Structure formats: structure tokens, C-alpha cells
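In what follows, a structure is listed as C-alpha cells, so that the remarks can point back to it.
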Number of protein chains: 2
Amino acid sequence: MQKWHSRSQPSDTGCLPGAAKVGRVSSVAYRLSNMRSQSAGAAGRKSQIKVLRTGISAVRSVASGASAPARQGLPLNEIIVGDCLEELARLPEESVDLVFADPPYNLQLENSLSRPDQSLVDGVDDDWDKFANFSAYDRFTRDWLAAVRRVMKPDATLFVIGSYHNIFRVGAILQDQGYWILNDIVWRKSNPMPNFRGRRFTNAHETLIWAAKSAGAKNYRFNYELLKAGNEDCQMRSDWLFPICTGAERLKDAAGRKTHPTQKPEALLVRVLLAASAPGAVVLDPFFGTGTTGAAAKRLGRGFVGIERDETYAAAALARINAVEPLPESAVAEAPSKRSEPRIPFSAVIEAGLIRPGDILADEKKRHFAVVRADGAISIGAVAGSIHKIGALAQGLPACNGWTFWQFQRGGEYEPIDALRSLMRASLREAAE
Amino acid sequence: MQKWHSRSQPSDTGCLPGAAKVGRVSSVAYRLSNMRSQSAGAAGRKSQIKVLRTGISAVRSVASGASAPARQGLPLNEIIVGDCLEELARLPEESVDLVFADPPYNLQLENSLSRPDQSLVDGVDDDWDKFANFSAYDRFTRDWLAAVRRVMKPDATLFVIGSYHNIFRVGAILQDQGYWILNDIVWRKSNPMPNFRGRRFTNAHETLIWAAKSAGAKNYRFNYELLKAGNEDCQMRSDWLFPICTGAERLKDAAGRKTHPTQKPEALLVRVLLAASAPGAVVLDPFFGTGTTGAAAKRLGRGFVGIERDETYAAAALARINAVEPLPESAVAEAPSKRSEPRIPFSAVIEAGLIRPGDILADEKKRHFAVVRADGAISIGAVAGSIHKIGALAQGLPACNGWTFWQFQRGGEYEPIDALRSLMRASLREAAE
DNA sequence: AGTGGGTTTGAATCGAGGG
DNA sequence: ACCCTCGATTCAAACCCAC
């Protein structure tokens, strides 16, 4: 029995396989070119990162402005050092499967904040987080969201993360642009920064918006069964609990200062990629930062395209990603989902001789009986129809899954006819090999 | 030590006193007029609800349109049956301490949804939740947010609750209007409706925005210490866990159908009121529905003003609120918070003779020593200043709380001078009685 | 674009039964 | 009288897809 309590503290139980172990990165240097060639758009391109003599081991934008040439294909598994809008414009349209975006939050910190012991909180005060006003931030948001949308395949989805400073503006703008919100997700921090002044609630979460490219895009990727299997056979909810990025995972410079003020935990990205992409998919991150998206993508056998303006961040990201050891393919391969199984008409079961015309089907409780017809329909009295229609009719329900409702007799025992469908599928798989 | 786990399921521990026991309402009928007269704006008004012969026991809007007369004072502890915008315009400006708003969510439902057992989900299909498009919803939102803002006292705050369908628009618009967001808060549902089709994450939370009337309003009410004391001495976080409103708390009609499709749990409102209002404060709810805000307000010794367009909802709300038994005053009375304690200048301690000019103060580790001066300053060598300034100077820090840093000698033992401040305050309280 | 196949929960509550 | 477990029942701010 589940009890609920109202104390505002995290203490969830259970785990997501794969996600729990990604906290540390291997220290073994590793070339991106070692990644296996992946997915669309990369045909004929080398996925090796060009090392410039400046020490920035990343592809550098050659030109800027409207005259910059469009790229021939996706720069797969490369970090593009350049302006997000310019570089997005050069990517081929409808070319990526998933987008993860962690834009500037527009934090508007007016004064410095100090802890009770008077030490200074190292907040976000970088120039890239400064905007003159809401209207400037909105313009910036409209621009990058539109640029990203062009690059998304029709069934691609987008994740954006933000805080209350910016997420409402981002959410409203993406709705205005035709994106269709599928969920908002809260990342609950197990170890947030406390509220030192005692003037507000501890800001213990950030919000992600998950959106499809349009309301009509129904065929977006969502690995429902995988997530459920990894969550103790419980549907994955919209509230996720992760610690913030600290310790060995947090990138630091030689002096021990954090390389990036808002580095996201890799476990968060792992869940995003596991939820909404397939192995081999291409993930675009237009605000690549120190490359958490790239690290998670490499680990999970996904490809990435990263755009980052700051050379220091890009260099740190490259070194980090090179050090990532991908998980073995077997740990990442898709399990077949029910939805993806081939469709078997009931008539095929009859044609295969697994059941014969004239045989009797019954429901589990033996309250309803139907006769198998030669044409693949079944009948109760004078009424004939599909296994689903007749099952629904028998129960007086609007619909019914005939495969699980109806049972057939084998050796005195009744068994769902779904067992026959499984047999058919197994032999289909054999034939394919 | 706190453990974190990534399983996306709720299992928080602990409880908020008072909030846990509000699940059931007393069945004893109770007139609103029994509530003790409260707070500003009610002077000279009877807080009794007029019972109309229609059976709607609520104040009915007499006229509509621009010519409607402004009310003389706040209709305290009454439910106004009428249009939200018209009625808000008739309330006196700067008259309420807190606003809780649960506006229509604009859910945009297109199709019917059935559960795996083929039963139909009883969704929100009411006319009041239908808007032609985002732009119409935005207009509606701008209007009510502006009308509410006029009625708020300068230090009042606003809570709005919503889902991903509407909350981003609400948040952006209130920022545009000059409201200043203090927190976004997630209400995590311990028992959300599952995702029946397996196409998205279980939508297991709703979002509240907490905002001050303006960026400059720093003196808003936040009962930090009360919340912390009720949360196992842990700061209250921005993620709250409550069950949805079901069982005996859920209002139902004679046929057993839920009276309102989206009734909020009273525990949620109790937390809101405990966090951001004082006993006797006036809480405005412009979308009163079945009166959860009023019920929680009455229980906690707060006053309310409710506006509701639908007569059925208003009638249900009135009956419900009348049945609420207020908590005893002692359970609701404010504990004195540090911030509300009277300010004691150090000179007053000297004037009271609790410490004498020439006495020596030292820090806990006896590394710094200072001399008490007659003027209420202290000095180290030639440098004189406040207990805070000199404490900071001694440690080389930008600031210091002199009351806890400096100690004085009493009977051979050193004790923080804060003990003297406590003495002063105790005698002040005595004098006040 | 309409038709129809076939897929899709989980928490709270309450009563029965065992100890 | 009480504690526990088990299972049935109830009910919850909407979510399909291929042919």
C-alpha cells in the first residue's frame, strides 16, 4: 500500500536501469571518430572532429552572415563553434530526430547573494545570460525556436529546460509557433541550493517542456514500454528526481573552478534520450555548453549535433565526450514493442492451420461462445464479424481486443488465441533470418 | 543522510501539521456569520450571507455592465455570483492580502478517451473551459490578471494554478503586467490519472506560480519559519506532494456525480494560506468554483472573497463552507517570527543597564576583543562602529551579525549578546500586556 | 478522411479473512 | 479489539494509428 505524505522533501525509491550508472565518465581518451557510423544524413561524411591549431578541437564556423553556405549534410558528432542562429540556418531542414535545448535563463540577478556565513554564492552572471528586458529575451527565443523547428523532422520532438525566469515565455512562444506540448516535466533536485534569505520557497526544481513539431505529429518517438520496464513496471511520471551535477561529473578548470555555471546532470539527459529517441537517432543541442547532451548521446548510441558559441565550453565538451565509453550495443538495443510487432490477421491463423473453421472460441469465464468461420470472421448465432467486433458485441462494450478476449481449446485446456498470434510472429521472424 | 533515487514515483515522508487533518468536513451546519469579524475593509459591514429565495444562498450581482456601482467595502466571507471581470471592477482597490486563482485551463480536448476496460473518462468538457484559440485565452487572461492586480494591496501576493495547457501563457502575461514571480511550485499528485494510451508521461503534477504585485514589493508575507517548523525543520521546497481530491472531500450531487470537474484538495489551499497570509488576512478567489479557498480560509481564521459565475457551484460552495468548523484560534495564531520581532538597537541594551560602557566583548574563539562605548558603538583600537560593522571588520568579511558574533562575560562564562536582546524583547512583550 | 484493429493504469479505500 | 494482507472496487483537469 502506498502512503502519501505532504513533507516537501524528496525520497523516492527505485531506479532506472542504465541511468543510475552514468555518473562517472571514463578517463580514457577516445576519439569521436571511433563511434560507429550512424543514421541518416551522415552518408559520405567523415564524423571525425577537425582539430584546429588554436587548441579548440572543434569545427569552427568558417563564415558568418546570410551568405554562409548551407552544409551538405549533418555535421554528425561534431561541435560547431559559432552563433546558434547562424549555424542552425546552415543545417539541412528536417534532418534531426530530437532536440534538447538549455537556453540562457535570463536570471536577472540584480545584486550578489551571500550565504549566512557571508561567503558569496557563485551565481550565473555571465554576459550570455543578460538580456535588456523581456521583449529582447522573447525575440531571442522566437528566433532560435523557429530555427530549430525548421531543422526538425516532422515527427521529431523538442525538450527545453528552464526555470520560472524564462520557461513561461519559452512555453508560450513555442505554442504560438505551432509546436504542440506533450508534457511539462519537473526535474526535482535532490540537493538544491537552499534559500539563504528565507524569503521564498527553496527553488528545488526546474521545468522541461516536451513538445512535438505540430499538433498533427502523432508518430513521435516515445519509448513507453522501455521507461515503464525501467521504473518497476510503473508508467514514467512527469516528475523526475535527480541530484544536481556535482563531484567527479562536474567539469572544472585547472584552478578547480567549475567550467560552466549550469552544467546539467548526465542522468537527466540519459532519461530524455531513452524516452524520446531510438539508437542511431540524431540529437541536436543548439546550446551545447560543456556537452552533456553529446556525452549522453555517445554513451547511448545516439548521434549528436552540438552548437556552442563559447570556445572554452566547446573545448571542454570535446575532451569530455572523447573520454566517454559508449555502453555495449546490447545494453542499448531496442526491445521490440507490442506496437511495432507485425500485424497478423485472424484469417492467417486459420490459413496456417493453427485453428480450423467450425472450432469454438470462448471467453475466459465461459459466458460467451463463438464459431470460427472459414473467412477469418467468427459468429455468435446469425451475427458474424471480426474477433474484435464480436467480442465487443458479446460484452456490450464499444470495443474489445479479440486476441486476448477469446480462447480456444487445446488438450482440454483453454488458452487465449493470442498464443496463436505469437506462434505466427515467431515463425515470421525465423523466415526473415 | 538523504538518499535520492530516480524512480519517478512519489513516496515523501513527513507531514505538515494542520494540513493532514483537513480531509473531512464537519457535518454540523454552521453559518458564515459565526466567523469572527476580521481585518480591513469589513468595517461597518455585516459578514452575513444573504439567502435568496431561489435557493442560491449567495450574494447575487444586482446589475452588470460598466454602470454597476462600486461596492462600499469588501464583501467579506461572501460568495459573489457573477462575472469575474465585472465583479472585480466593483471591489475597492488595494483591498486584499492574497489572491488564489484557479482559472479555466483551456484544455483543448478533441476526442473522447476510454480506459483499457473501455469505460469512458469523464473529462472536462464544460463550456467555461472552451476558448476559440490561444489569442482569445490570452485576452481573457490579461483581463482578469489586470483586474486582480488593481484589487491587491501593494504587498499582496498572487497564486495561480494551471497545467501545461495554460500555465505558460499565464506566466508570461503576468510578467508582462509587472507582477514579479517569487517561485513556481509544482503540486505533485500522489494519485494522478494514468496515461491510458501510453503515448506520453503520466501527467502527474500541476504548476502554481507565486508572484508579488511588483518587483519592488519586498514586504510580502512569507511565513518561512512556520513552514520550516512544520516540515521537520527543513526549508519548504517548491515541490509539494498531495493526493488529488477524492473520497469524502469531493463534492458530489444527489446522483453521485462530481459537482465540479476540477475540485482542488483543501490541503493544497491550506498550505498556500499558511505560507503567504496571516490570520485575519483577506483572500480573494476570482474563480471560486466549489469554494475550496473559502473552506480553507474559514478553517484557518482567514477571511475570503469569492467570485463564481455558476450558481450551482456557488450554492455547493456555500453549503460546504457553512459546514466547516474553524480550527481553534490557538492552533492558528501566529508564532512570532524572527523578522516580526521588534528591532532592538544595541544602545538600548546599554541604556537598560544590561551591559556597561567599557565592558569587553569577544568572539566565541576569543580571537577578537572590542570595547563597548557609551553611544552604542563598539571599538577595536581606534576604530569604532556598530556591533555588526566591527564584527565584519574583525573577520575581514563584508558583513556580520554582531548579535550572534559578539559575546559578553557573565559569571565567568561568555554568552552571546543576543541573550540580552532576547531579555529586552521579553520585557517589551510584558509591558505590552 | 473514415473505418476499424488493437493497444492502453495506478492509488486509495473498504471489506473479508487469518492470525 | 486489533493488525495485517489480499483482492475487488472506485475513480481520476483527455492521450491512437494504419490502411
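Keep in mind that what you see is a predicted model, and the values were worked out from it rather than measured. Here is the naming used below: chain letters follow the sequence lines, and residue numbers restart at 1 for every chain.
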Base, sugar-phosphate, or nothing: which does [X] touch, judged by heavy atoms less than 4.0 Å apart?
X: A/Ser386; value: sugar-phosphate
X: A/Glu225; value: sugar-phosphate
X: B/Pro103; value: base
X: B/Asp102; value: base
X: B/Tyr164; value: sugar-phosphate
X: B/Leu107; value: base
X: B/Arg257; value: nothing

> Taking the six-membered ring for Trp, are A/Trp406 and A/Tyr414 ring centroids under 6.0 Å apart?
Replying inline: no
> Do the two ring centres, one from A/His205 and one from B/Trp187, sit under 6.0 Å apart?
Replying inline: no
Nearest-angstrom distance from the residue atom [atom1] of [X] to [atom2] of [N]:
X: A/His388; N: C/dG6; atom1: NE2; atom2: C1'; result: 6 Å
X: A/Leu227; N: C/dG10; atom1: CG; atom2: P; result: 13 Å
X: B/Tyr313; N: D/dA13; atom1: OH; atom2: C1'; result: 12 Å
X: B/Arg115; N: D/dT10; atom1: CZ; atom2: P; result: 12 Å
X: A/Asn219; N: D/dA18; atom1: CG; atom2: P; result: 5 Å
X: B/Leu113; N: D/dA13; atom1: CG; atom2: P; result: 13 Å
X: A/Gln235; N: D/dA14; atom1: CD; atom2: P; result: 13 Å
X: B/Asn195; N: D/dA13; atom1: CG; atom2: C1'; result: 14 Å

>> Between B/Arg115 and B/Ser119, is the side-chain hydrogen bond (donor to acceptor under 3.5 Å, both in side chains) condition met? List the steps.
In response: CA-CA 5 Å; B/Arg115 303 185 180 82; B/Ser119 64; 3.0 Å; yes
It should be established whether [X] places a side-chain nitrogen or oxygen under 4.0 Å from OP1 or OP2 of nucleotide [N].
X: B/Lys258; N: D/dA12; result: yes
X: B/Asn191; N: C/dA12; result: no
X: B/Lys252; N: D/dC11; result: no
X: A/Lys218; N: D/dC16; result: yes

Closest to the [X] side chain, choosing from [options]:
X: B/Tyr105; options: D/dA14, D/dA18, D/dA13; result: D/dA13
X: A/Lys338; options: D/dA13, D/dC11, C/dT7; result: C/dT7
X: B/Asp129; options: D/dA13, D/dC16, D/dA18; result: D/dA13

> Where each residue is assigned the nucleotide of DNA chain D containing its nearest heavy atom, which of B/His165 and B/Asp117 is assigned the position nearer the 5′ end?
Replying inline: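 Closer to the 5' end of DNA chain D: B/Asp117.
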> Between B/Glu206 and B/Arg199, which has a closest nucleotide on DNA chain D that is more 5'?
Replying inline: B/Glu206
> On DNA chain C, nearest-nucleotide positions of B/Thr246 versus B/Met193: which is more 5'?
Replying inline: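 Of the two residues, B/Met193 wins.
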> Can you tell me how far CG of A/Leu227 sits from CE of A/Met236, rounded to the nearest 0.5 angstrom?
Replying inline: 5.0 Å
>> Rounded to the nearest 0.5 Å, what separates atom NE2 in B/His165 from atom OH in B/Tyr137?
In response: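 The distance works out to 11.0 Å.
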> Does B/Arg299 pair with B/Glu266 as a salt bridge, N-O distance under 4.0 Å?
Replying inline: yes
Can you tell me, in whole Å, how much space there is between the [atom1] of [N] and that of [M]?
N: D/dA13; M: C/dT13; atom1: P; result: 15 Å
N: D/dA12; M: C/dT8; atom1: P; result: 24 Å
N: D/dA1; M: C/dA16; atom1: P; result: 16 Å
N: C/dG6; M: D/dC15; atom1: C1'; result: 15 Å

Need the pair for [N]. Rule: Watson-Crick or G-U wobble, both distances under 3.5 Å, any strand; none if unpaired.
N: C/dC14; result: D/dG7
N: D/dA12; result: C/dT9
N: D/dA1; result: none

> Between A/Lys153 and A/Asp155, is a salt bridge (Lys or Arg N to Asp or Glu O under 4.0 Å) present by the stated rule, with each step listed?
Replying inline: CA-CA 5 Å; A/Lys153 291 182 184 172; A/Asp155 288 323; over 6 Å; no
> Checking only heavy atoms, does the side chain of B/Lys264 share a donor-acceptor pair with the base of D/dA13 at less than 3.5 Å?
Replying inline: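 Checked by distance alone, the answer is yes.
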